[in-house]
**Student:** 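Sharing a structure below in structure tokens format, with a few things to ask.
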Amino acid sequence: MKNREIARIFDEIADIMEIRQDNIFKIRAYRRASLNLEGLNRDLAQMTHKELLEIPGVGADLAARIEEYLQTGSMAYYEQLKREIPAGVFNMLAVPDLGPKTAKAIYDALQITSLEELEKAALDHRLIGIKGIKQKTEENILKGIQSVKRGRERQPLGRMLPAAEELVAALREKAPIERIEVAGSIRRRRDTIKDIDIVATSPDPAAVMEAFLGLTQVHDVIMRGPTRASVTIREGVQVDLRVVEPASYGAALAYLTGSQSHNVRLREMAQKRGLKINEYGIFREEDNARMGGENEEDIYRLLELSFVPAVLREDQGEIEAAIKGRLPRLITAQDVKGDLHVHSRWSDGAHGIAELVEAARLRGLSYIAVTDHSQGLGVARGLTVERLMEQQAEIRALNRELDGFRVLHGTEMDIRNDGSLDFPDEVLAELEVVVASIHSGFNGTKEAMTARIVAAMRNPHVHIIAHPTGRIIGEREGYQLDMEEVLQVAKETGTALEINAYPLRLDLEDRYVRRAKELGVKIAINTDTHAKLQFETLPWGISVAQRGWLERDDVLNTLSAEELLKRLKRKK
DNA sequence: GCCGTTTTCGGCCCGACTGTTTTCAGTCG
């Protein structure tokens, strides 16, 4: 998928134009388009010209550049701009706090062409004396180079949300705090996170700042002011804290939650109504009278918009929907009645089926499908046909004893390297829920991997494709897949795709979830539980579903067990 | 370069913090 590449190119074009001191609004246009492409829920390569023009911030010119890149693999305008600017200036922009102005000044003075040369120049104190640079700035540039070397990859939500909640708990303990919340892309539940944003109110803001800077997790202080401080924590992740007056809490929370594009849109709308939105509140332009800001709802109300949940704030059509009052009624965890992907001790799970039932009941579920691995997956003690049938007998016996809860018998069947399935049709016909997935041969070509999944979906007994891309966030990329093809065949065959709620999977990705909804492809939100505590991960999957605009009826396992079984039989 | 329940031309979100400055430019989010 070229979306990220093109987003990066637009951002680099903006960088170069900034160095050239081009028109600031033209630069912003490229930045805005870049942001929106990065968060886009569709594969650019699959979109028509008309659809490209519907992307916020993309007009005729940028659509043409996107198409040029998709067709030729390069963008003439970008290549030309890059030739006009020395590589040295460009390379320096990677250093935090070193922007286009300073980079150009350094280049003009020293003709530096790489970060290595920049580091050497800083160590030799040759930067001092260049316009606006003294000792402190030189030191900061050196620090910045170190942080570039360490790298600052986006981190999995699965690790950053717990880290953020730990910081909030520590702050609550050490300082007087009224309201406090994790904001930013964590609150929007993006699957990867760049930094942690926290907003708080307190009767003693200075005490909160002091407590924050003194937390044991804090590794380095980047900046500190009366209302705002930035630090890095162990993992090299940046944490920003904002402390505001209670009357500003909602405005600050909205501001820090973003996305940036969403906020810019709201501020533009406010402007047209003679209002001004900042992180302190929403004000009337003429006399600066405060109209609201204590709660986020004030902002949407004053703009005559439906309240937009944080998970939707990506400037991907939610504002248009909020104007018309047509936002989705997002699915909640309470809507989910069962879990269709659960492992027991029969294969690689840690608990017996009865224990799993008990745990699922406590979570408020009324059914689970036990889907242990199939025979081909030796490492996970996959079940032979004989063992599968023994398991069926145990589940039938258990169901006779259960009241108000049902165990469905299923399998997580391996899709073999050649696209064939690990159980024959007559065995699959015995099962109530057939989940199929790939566990090996991840290095196949896009065509081969797509063909494997498609072959599985074309089997009339396969109900759900589990963790469709196989990715583990921060550890391994998913295998290559033509997701549009997969989605089309899912629609055609009536096969559901899984949102795997395991925090490091979150696979299907949100943008494909939204595409699935557009096409009418059903989604199952499953925990892939291997130990009973893992039922607790359901909310992670719900967040992905919400980011994909899903409502209750888009999700298979919001049905009762009876309705579900009826639905699943329809495929055969 | 984009965009339009005031506009197809003339606008374009808003503020904090730092370092180097005697009032602000640069950078970031």
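Order of the sequence lines fixes the chain letters, A, B, ..., with proteins taken first and strands second; residue numbering starts at 1 for each chain.
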**Student:** Just to be sure I understand the rule, does A:A60 reach a base, reach only the sugar-phosphate, or reach nothing, if contact means heavy atoms closer than 4.0 Å?
**Tutor:** sugar-phosphate
**Student:** Could you tell me how far B:dC2 sits from B:dT7 if I compare only their C1' atoms? Round to whole Å.
**Tutor:** 14 Å
**Student:** Given salt bridge (Lys or Arg N to Asp or Glu O under 4.0 Å), test A:R265 with A:D315 step by step and report yes or no.
**Tutor:** CA-CA 8 Å; A:R265 291 286 306 279; A:D315 194 15; 2.8 Å; yes
**Student:** Look at the side chain of A:R242 and decide which nucleotide, out of B:dT21, B:dA16, B:dG29, has an atom nearest to it.
**Tutor:** B:dA16
**Student:** Using OP1 and OP2 only, check whether a side-chain N or O of A:S230 sits under 4.0 Å from B:dC28.
**Tutor:** no
**Student:** To the nearest 0.5 Å, what is the distance between NZ on A:K104 and NZ on A:K131?
**Tutor:** 8.0 Å
**Student:** Looking only at side-chain atoms of A:P100, point me to the closest of B:dG1, B:dT27, B:dC14.
**Tutor:** B:dT27
**Student:** Have A:E5 and A:Y69 got a donor and an acceptor in their side chains that come within less than 3.5 Å?
**Tutor:** yes
**Student:** May I ask you to evaluate whether A:T227 reaches the phosphate of B:dC17, defined as a side-chain N or O under 4.0 Å from OP1 or OP2?
**Tutor:** yes
**Student:** For the pair made of CG in A:L266 and P in B:dC12, what is the distance, rounded to whole Å?
**Tutor:** 17 Å
**Student:** Which label fits A:Y300 and A:F307: parallel for a plane angle under 30°, tilted from 30 to 60°, or perpendicular past 60°?
**Tutor:** perpendicular
**Student:** Name the closest nucleotide to the A:D240 side chain, picking from B:dG15, B:dG29, B:dT27.
**Tutor:** B:dG29
**Student:** Looking at every strand, decide which applies to A:I277 at a 4.0 Å heavy-atom threshold: base, sugar-phosphate, or nothing.
**Tutor:** sugar-phosphate
**Student:** Quick one: A:I319 CD1 to B:dC2 P, roughly how many Å, whole number?
**Tutor:** 19 Å
**Student:** Could you tell me how far B:dG1 sits from B:dT8 if I compare only their C1' atoms? Round to whole Å.
**Tutor:** 15 Å
**Student:** Tell me: CZ of A:R32 to C1' of B:dG29, nearest whole Å?
**Tutor:** 17 Å
**Student:** Looking at the side chain of A:Y280, which of B:dC2, B:dG19, B:dA16 is the nearest nucleotide?
**Tutor:** B:dA16
**Student:** Using only side-chain N and O atoms of A:K101, determine if any of them is under 4.0 Å from OP1 or OP2 of B:dG26.
**Tutor:** yes
**Student:** Without decimals, in angstroms, what is the distance between A:R224 CZ and B:dT18 P?
**Tutor:** 9 Å
**Student:** Once you round it to whole Å, what is the distance between P of B:dC2 and CD of A:E54?
**Tutor:** 15 Å
**Student:** Base, sugar-phosphate, or nothing for A:R265, non-hydrogen atoms under 4.0 angstrom?
**Tutor:** nothing
**Student:** Need to verify one output field. Residue with the more 5' nearest nucleotide on DNA chain B, A:E138 or A:A229?
**Tutor:** A:A229
**Student:** Using only side-chain N and O atoms of A:T102, determine if any of them is under 4.0 Å from OP1 or OP2 of B:dT27.
**Tutor:** yes
**Student:** Of the options B:dC3, B:dG29, B:dC14, whose atoms approach the side-chain atoms of A:R228 most closely?
**Tutor:** B:dG29
**Student:** From A:R32 CZ over to A:I55 CD1, what is the distance, rounded to the nearest 0.5 angstrom?
**Tutor:** 11.5 Å
**Student:** How many Å lie between CG on A:N278 and P on B:dG15, as a whole number?
**Tutor:** 5 Å
**Student:** Using a cut-off of less than 4.0 Å, is there contact between a side-chain N or O of A:K272 and OP1 or OP2 of B:dG11?
**Tutor:** no
**Student:** Both A:M223 and A:G132 contact DNA chain B. Which one's nearest nucleotide lies toward the 5' end?
**Tutor:** A:M223
**Student:** Using the C1' atom on both, measure B:dA16 against B:dC9 and round to a whole Å.
**Tutor:** 34 Å
**Student:** Considering just the side-chain nitrogens and oxygens of A:Q260, establish if one lies under 4.0 Å of OP1 or OP2 belonging to B:dC14.
**Tutor:** no
**Student:** Please pick, from B:dG29, B:dG1, B:dC13, the nucleotide with the shortest atom-to-atom distance to any side-chain atom of A:D195.
**Tutor:** B:dG29
**Student:** Answer yes if the side chains of A:R179 and A:N295 hold a donor-acceptor pair under 3.5 Å, and no otherwise.
**Tutor:** yes
**Student:** Look up atom CG in A:L118 and atom CZ in A:R126, then write down how far apart they are to the nearest 0.5 Å.
**Tutor:** 9.5 Å
**Student:** Go through B:dG1, B:dT20, B:dT27 for me and flag the one nearest to the A:D97 side chain.
**Tutor:** B:dT27
**Student:** Below 4.0 angstrom, N of the basic side chain to O of the carboxylate: do A:D97 and A:K143 qualify?
**Tutor:** no
**Student:** Round to a whole Å and report the spacing from CZ of A:F25 to P of B:dG11.
**Tutor:** 10 Å
**Student:** Rounded to the Å, how far apart are A:R267 CZ and B:dC14 P?
**Tutor:** 7 Å
**Student:** Measure from the side-chain heavy atoms of A:R28 and tell me the nearest of B:dG15, B:dG19, B:dC13.
**Tutor:** B:dC13
**Student:** Applying a 3.5 Å limit to both distances, which nucleotide forms a Watson-Crick or G-U wobble pair with B:dT8?
**Tutor:** none
**Student:** Please check the phosphate of B:dG1 (OP1 and OP2 only) for any side-chain N or O of A:R65 closer than 4.0 Å.
**Tutor:** yes
**Student:** With a 4.0 Å limit, can you tell me whether A:K26 has a side-chain N or O closer than that to the phosphate oxygens OP1/OP2 of B:dC12?
**Tutor:** no
**Student:** Tell me whether the side-chain N/O atoms of A:Y255 come closer than 4.0 Å to OP1 or OP2 in B:dA16.
**Tutor:** no
**Student:** Going from OH on A:Y30 to CD1 on A:I16, what distance comes out if it is rounded to the nearest 0.5 angstrom?
**Tutor:** 11.0 Å
**Student:** Just N and O in the side chain of A:R273: are any of them under 4.0 Å from OP1 or OP2 of B:dT6?
**Tutor:** no
**Student:** So if I take every side-chain heavy atom of A:N140 and compare against B:dG19, B:dC17, B:dT20, which nucleotide ends up nearest?
**Tutor:** B:dG19
**Student:** Given the C1' atoms of B:dT21 and B:dG26, what is the spacing between them in whole Å?
**Tutor:** 12 Å
**Student:** Rounding to the closest angstrom, what is the interatomic distance between B:dC17 and B:dG10 at atom C1'?
**Tutor:** 33 Å
**Student:** What integer number of Å spans the P atoms of B:dC3 and B:dC13?
**Tutor:** 13 Å
**Student:** Looking only at side-chain atoms of A:A29, point me to the closest of B:dG1, B:dC12, B:dT20.
**Tutor:** B:dG1
**Student:** Are OP1 or OP2 of B:dC14 and a side-chain N or O of A:N263 less than 4.0 angstrom apart?
**Tutor:** no
